[in-house]
Amino acid sequence: MTNAYDDSYNRSINDPEAFWGEAAEQIVWTRRWDKVLDGSRAPFYRWFVGGELNTCYNALDVHVEQGRATQAALIYDSPVTGTIRTYTYGELRDIVARFAGVLAAQGVEKGDRVIIYMPMVPEAAIAMLACARIGAVHSVVFGGFAAKELATRIDDAKPKVIVTASCGVEVKKIIAYKPLLDMAIDLARSKPQKCIIFQRPMVAAEMIAGRDVDWDAAMQTAQPADCVPVKATDPLYILYTSGTTGEPKGVVRDHGGHAVALKWSMKAIYGMEAGDVYWAASDVGWVVGHSYIVYAPLLKGCTTILFEGKPVGTPDAGVFWRVIAQHKVKAMFTAPTAFRAIKREDPQGALMKQHDLSQFKTLFLAGERLDPDTLRWARNLLGVPVIDHWWQTETGWAICANCMGLHAFEVKEGSPTKPAPGWHLKVLDPESKTVNPPGQIGALVVQLPLPPGALPTLWNNDDRFIASYLEEFPGYYKTADAGFIDEDGYAYIMSRTDDIINVAGHRLSTGAMEEVLSDHPDVAECAVLGVDDELKGQVPVGFIVLKAGVAKSEADIVREVVQMVRERIGPVAFFKKATVVKRLPKTRSGKILRGTIQKIADNKPWNMPATIDDPVILDEITDALQVIGLARARN
Ligand code: COA
Ligand code: AMP
C-alpha cells in the first residue's frame, strides 16, 4: 500500500514538471511560466523560466488582500530586551513597503545588492522583505562574524547599500555592530554608497556624515514602494557559507523556485496551515532563518516568531516553553544543541511544567547530527514527535525529512527518515562512482536536476559551482556528507567529507581557521580539527608547530592565535583551544593524519596508520591533547 509520501515522492522524481507545476499554482505570478523546468543549459537547470512574480507580494500583500490583514504575521519576542511586539500582516506590509521606499530613495534598484548585518530584530526581516519587494538582492551576514569576514562578503557582493543596527544584545553583553561595520568597510575594496543604521536604545552608533542614514528618520519621510515583478530565475538573495578555503561560497537563491518549494514545504514537511503559529529558533544570518523565520511561514500565511534570545540564560532554561505557550506555537524548529543546552540546565524539565504546551504538535531539529539521547529526552518530556531533518545552506530546504504533512513514518534514531519529494538521493562509492547497496556508507549525492529552491549557482562563480558540487560525480550534486540508506529507505548522515565542522549548529571551515593560524609569525605549520563536544556537537582545536628558535612562550602564542581567529573569523567560530606540538603526524606522502588525531582527541579506538612516517608522533599528540583536557593518558 502506498501513502501520500510515496505518491508525492514518486511523482516528483518521475514527472518533476507536473509535480512542481502543480505546487506553483499556490503562488501568485504576474506572468505565468513558459516552462516548469529548463534543462537546455544542463547542468545549470532553471525552474519556471518565463515566469514573473514578486516574493514579497506573495509573503505579505496577498494575505492582506485575502483577509489576513489583522492576523499576526510576525511576533518579535526578545527576552534580552524585555520586548514582545506583534506585527499584523497589514502592518508588516506597510512597514516593508515604506522601508522599500527608503532603499529606493538611496538609489537601490532591481538587481542591486544590499548587505544586511543585523541582530535578531524585526528590522532585519523588514529589510530582507523590502529588498525582495523592489527586486534588490539581499545578503544577510550573521552578527557573530568578524569585520574581516564581513569585508570579504562586501567585496564579493559589492552592495550599493548596507543596513545595520547600532548593536546586538547577547546573553550578558552588548555587541556594538557599527564599529565592526566601519572596520569592514575600511578593509573592503568595494565601498557601499550608503549605510542605513537602525539605532537601538542600548548603544548609539556614531554616524558618518554623507554616508550614514538613520533608519527612523528615513522611514518618516519615505514613500511606500510597490512590488516590482522579477523573473522567476532572478536572484532573491546571496547567502555566504563556509567553503573549504577562507573564501566563503555565495549561495544564490532564485525567486520562483524558492517561493514554490518553501510554500509547499510548510504543509508537506511541517504540517502547517495558514493561520498556524510557527517558530524557528535560529538566526536570520543562517539559512534556517532565511527559509523558516522569514520566507516560508509568511508565504504560507502563518504567524512567525522572531526570537532574540538563547535557549538558556535569557533568563533561564524555561524560555522555550514560555514562548511556545504564550504564542501558541504549533511547530518549532531549532538545532539539537539548543536542546542539549536546556537538558544540561534542567534535566528533569521542571521549568516546562509551569507552561501549557497543549497546542504544541511537533518539534523539528536540524543543522547537525541529532544524538539519540537528546532525541529521547525531548520526546519523553514534550510527548510530541521529534523530527530530525537534514539539509544545507545550498539546498534551502530539507533533503531528508519525515514529511509530517504527507505521512508520518516511524522514527528511527539516528536517521532524518527519507528523502523529501524532489530529492533523488543516492549513495555512491567515491572510487567507482557506482551506487552502493543498502547499508553501505558512501558519498551522499542527489541526482540532477535539484528541485526548486536549491541553489542554481554560486554568485558570479559558475566555475566554482561546478567544481565544488558537480564535478566529482557527473550528473549528481555532491552534498559533501557521507552516509548510507538502509533497506527501508531511511537515510543516515554520518560525517562531512570535507573540512567543514559543525559548532553549535553553525557551519565553519577548519581550513579557514588554518589560514588564520598560519599567518602568525611564529607558526611553521598547523592543523585545525573538530573534536566532539557534549554541548556544541563539535568544537575546533588547533595544533601548531612553531618555527625554530621562537623566543615567546607557548602559552602566549596560543593566546595570540585564539585572539586572531576571534578577530578575523569571529566569536561564532568558538576557537578557544590550541596546543603546541613538536610535529604533526603525516603519511609518507606528507598528508596530515587528521582522522587519527581526531579519534585520539575523541577517545575513540584507532589503528596505527600503515602509511605513517613516524609512529612516535602520535604519542606526542596524545600527550599534548591531554594537557588541554582532551584524550586519555597513554598507558
Ligand atoms: N552577534 C555577535 N556575537 C554572537 C552572535 C551574534 N549574533 N551570536 C553568537 N555570538 C557570540 C557569542 O556571544 C559567543 O561569544 P563569546 O565566545 O564571547 O561568549 C560566541 O559567539 C559563541 O556563541 P554561541 O554559539 O551562541 O555559543 P554560546 O555558548 O553563547 O551558546 C548555545 C550555546 C547552544 C546556547 C547556542 O549556540 C545556541 O543557542 N544554539 C542554538 C542553535 C542555533 O541557533 N543554530 C543555528 C542553526 S539552526
Ligand atoms: P548548513 O549549511 O549550515 O545548514 O550546514 C549543513 C551541514 O550540516 C550538512 O551538510 C550536514 O553536515 C550538517 N547537518 C545538517 N542537518 C543535519 C542533520 N539533520 N543530521 C546530520 N547532519 C546535519
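For reference, positions follow the sequence shown, starting with 1. First listed ligand is number 1; within each ligand, the first listed atom is number 1. All values reported here derive from a predicted model rather than from experimental measurement.
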Using 30° and 60° as the class boundaries, would you call the ring planes of [X] and [Y] parallel, tilted or perpendicular?
| X | Y | answer |
| --- | --- | --- |
| H138 | H290 | tilted |
| W391 | H389 | tilted |
| H506 | W286 | parallel |
| H258 | Y295 | perpendicular |

Considering A338, P311, S282, G285, which one's heavy-atom position lies nearest to atom 39 (O) of ligand 1?
-> P311
Nearest-option assignment for atom 44 (O) of ligand 1, heavy atoms, candidates G505, A281, G144 = A281
Region of [X] engaging ligand 1 - heavy atom pairs below 4.0 Å:
| X | value |
| --- | --- |
| R507 | neither |
| R340 | neither |
| M120 | neither |

Tell me which protein heavy atom sits closest to [atom], plus the residue, atom name and distance to 0.1 Å.
| atom | value |
| --- | --- |
| atom 26 (O) of ligand 1 | K310 NZ, 2.5 Å |
| atom 37 (O) of ligand 1 | A504 CB, 3.4 Å |
| atom 8 (N) of ligand 1 | F142 CZ, 3.4 Å |
| atom 17 (O) of ligand 1 | K576 NZ, 2.7 Å |
| atom 3 (N) of ligand 1 | I175 CD1, 3.4 Å |
| atom 1 (P) of ligand 2 | T393 OG1, 3.5 Å |
| atom 12 (O) of ligand 2 | D481 OD1, 2.7 Å |
| atom 20 (N) of ligand 2 | E368 O, 3.4 Å |
| atom 11 (C) of ligand 1 | P571 CB, 3.8 Å |
| atom 16 (P) of ligand 1 | K173 NZ, 3.4 Å |
| atom 28 (P) of ligand 1 | K536 NZ, 3.6 Å |
| atom 3 (O) of ligand 2 | R507 CB, 3.2 Å |
| atom 13 (C) of ligand 2 | N502 ND2, 3.5 Å |

Can you find a non-hydrogen atom of [X] under 4.0 Å from ligand 1?
| X | value |
| --- | --- |
| A335 | yes |
| G168 | no |
| Y177 | yes |

Which bit of W391 gets closer than 4.0 Å to ligand 2, counting heavy atoms only: side chain, backbone, both or neither?
-> backbone
Heavy-atom distances under 4.0 Å are what count here, so tell me which part of H506 touches ligand 2: side chain, backbone, both or neither.
-> neither
Heavy-atom side-chain proximity of [X] to [Y] below 4.5 angstrom:
| X | Y | result |
| --- | --- | --- |
| Y469 | L455 | yes |
| Y490 | E410 | yes |
| T334 | L365 | yes |
| V503 | P540 | yes |

Based purely on interatomic distance, does H389 place a nitrogen or oxygen under 3.5 Å from a nitrogen or oxygen of ligand 2?
-> yes
Look only at interatomic distance and state if G367 has a nitrogen or oxygen under 3.5 Å from any nitrogen or oxygen of ligand 2.
-> yes
Is L370 near ligand 2, meaning one of its heavy atoms is under 4.0 Å from it?
-> no
Under 3.5 Å: donor-acceptor pair, side chain of S166, backbone of A204 | no
Tell me whether the guanidinium CZ or amine NZ of R153 lies under 6.0 angstrom from the six-membered ring centre of F145 and within 45° of its axis.
-> yes
Determine, for F574 and K536, whether the Lys NZ or Arg CZ falls below 6.0 Å from the six-membered ring centre while staying within 45 degrees of the axis.
-> yes
Counting only heavy atoms on the protein side, is anything nearer than 4.0 Å to atom 35 (C) of ligand 1?
-> yes
Among T303, I305, I75, find the residue that satisfies the side chain to side chain contact (heavy atoms under 4.5 Å, CB included) test when tested with V329.
-> I305
So, are [X] and [Y] salt-bridged, with charged N and O less than 4.0 Å apart?
| X | Y | value |
| --- | --- | --- |
| K412 | D486 | yes |
| K148 | E515 | no |
| E394 | R507 | yes |

Atoms of ligand 1 less than 4.0 Å from V288 heavy atoms?
-> 48 (S)
For ligand 1, is there an N or O atom under 3.5 Å from any N or O atom of [X]?
| X | result |
| --- | --- |
| T337 | no |
| W286 | no |
| E170 | yes |

Around atom CD of E534, are there more than 12 heavy atoms of other residues, nucleotides or ligands at under 6.0 Å?
-> no
Determine whether more than 12 heavy atoms belonging to other residues, nucleotides or ligands lie under 6.0 Å from atom CD of E413.
-> yes
Within a distance under 4.0 Å of any heavy atom of R369, pick out the atoms of ligand 2 and give their elements.
-> 20 (N), 21 (C), 22 (N)
What atoms of ligand 2 come closer than 4.0 angstrom to any heavy atom of R496?
-> 9 (C), 10 (O), 12 (O)
Knowing that exactly one of W397, F364, Y270 qualifies, which makes a ring-ring contact (aromatic ring centres under 6.0 Å, His included) with Y292?
-> Y270
Least distance between heavy atoms, E170 atom then K310 atom = OE1-NZ, 3.2 Å
